[in-house]
*Asks:* 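First the structure, then my questions, so here it is.
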Amino acid sequence: EPSWQEYWKYCNAFFSAVTGSSMASFRLPSYEKMSSATLILDSTSSGAASNIALLYEEVLRGRRAPGLLPKFCSIKPPQRSFFSDTPRNTLKGALKHLGQLEFAFALSPS
């Protein structure tokens with residue numbers, strides 16, 4: 001089992017890999033860095049939490065990040081796009097549809 005020092009070294013390396021900056025020098029406009037924190041152990045994590053950790057490991061190994069992950073993890077705000085509910089735009093959006101997790105909504109208007 002890793003020691004706290006090994007874990008903290010890993011956290012710093014992960015932060016640097018994601019942000020391109022060390023924790024000490026990282027700055028984000030409109031945010032203030034706090035000098036204290038409280039950590040609470042969550043022992044109720046499910047399988048999803050371990051899968052997210054595996055995904056982070058894959059990203060750190062340099063494998064290509066899947067789908068929307070780069071947009072979710074980016075510090076830059078995403079480019080805005082505007083919704084237009086015309087039949088042509090609806091069809092364009094349907095062609096980009098990648099799937100869904102349940103059968104509650106139809107994949108096409110019918």
Side-chain angles (χ1 to χ4, degrees):
E1 184 170 301
S3 69
W4 174 252
Q5 290 168 334
E6 291 170 317
Y7 179 71
W8 188 243
K9 184 178 178 181
Y10 171 83
C11 290
N12 280 309
F14 181 80
F15 185 87
S16 294
V18 171
T19 65
S21 175
S22 70
M23 283 192 205
S25 63
F26 183 75
R27 299 287 181 265
L28 189 61
S30 302
Y31 287 87
E32 178 182 339
K33 190 183 332 183
M34 297 178 67
S35 60
S36 63
T38 302
L39 300 177
I40 301 171
L41 176 63
D42 180 9
S43 60
T44 62
S45 64
S46 65
S50 61
N51 288 332
I52 291 170
L54 290 173
L55 174 63
Y56 289 152
E57 289 291 333
E58 293 295 313
V59 171
L60 282 177
R61 287 188 184 108
R63 297 191 175 130
R64 184 169 179 219
L68 294 174
L69 181 64
K71 293 189 186 297
F72 290 141
C73 296
S74 176
I75 293 174
K76 295 180 197 174
Q79 182 179 359
R80 295 185 84 166
S81 62
F82 297 94
F83 177 73
S84 176
D85 193 18
T86 63
R88 184 174 186 186
N89 285 336
T90 301
L91 179 59
K92 280 184 183 176
L95 293 174
K96 294 180 183 178
H97 185 79
L98 298 176
Q100 59 199 50
L101 299 176
E102 58 184 67
F103 296 108
F105 304 100
L107 291 177
S108 64
S110 58

*Asks:* Within the distance-only criterion (no hydrogens, no angle test), does the side chain of K33 pair as donor or acceptor with the backbone N or O of A24 below 3.5 angstrom?
*Replies:*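 Answer holds: yes.
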*Asks:* Looking at residues at least two apart in the chain, or sitting in another chain, which of them share a side-chain contact (heavy atoms from CB on, under 4.5 Å) with Q5?
*Replies:*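 Partners of Q5 under the side-chain contact (heavy atoms from CB on, under 4.5 Å) test: S3.
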*Asks:* Once you measure the plane-to-plane angle for Y7 and W4, does it fall in the parallel (<30°), tilted (30-60°) or perpendicular (>60°) bin?
*Replies:*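 The arrangement is tilted - the two ring planes meet at 30° to 60°.
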*Asks:* Determine the minimum heavy-atom distance between S16 and S22, stating which atoms define it.
*Replies:*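 What the structure gives for the nearest pair is OG-CA, 3.9 Å.
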*Asks:* Not counting sequence neighbours, which residues clear side chain to side chain donor-acceptor pair (under 3.5 Å) with S21? List them please.
*Replies:*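 For S21 the side chain to side chain donor-acceptor pair (under 3.5 Å) partners, ignoring immediate neighbours, are S25.
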*Asks:* With Y10, which residues qualify under side chain to side chain donor-acceptor pair (under 3.5 Å), at least two apart?
*Replies:*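 By the side chain to side chain donor-acceptor pair (under 3.5 Å) rule, Y10 matches E57.
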*Asks:* Only counting residues at least two apart or in another chain, list the ones meeting side chain to side chain donor-acceptor pair (under 3.5 Å) with R27.
*Replies:*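 Result, side chain to side chain donor-acceptor pair (under 3.5 Å) vs R27: none returned.
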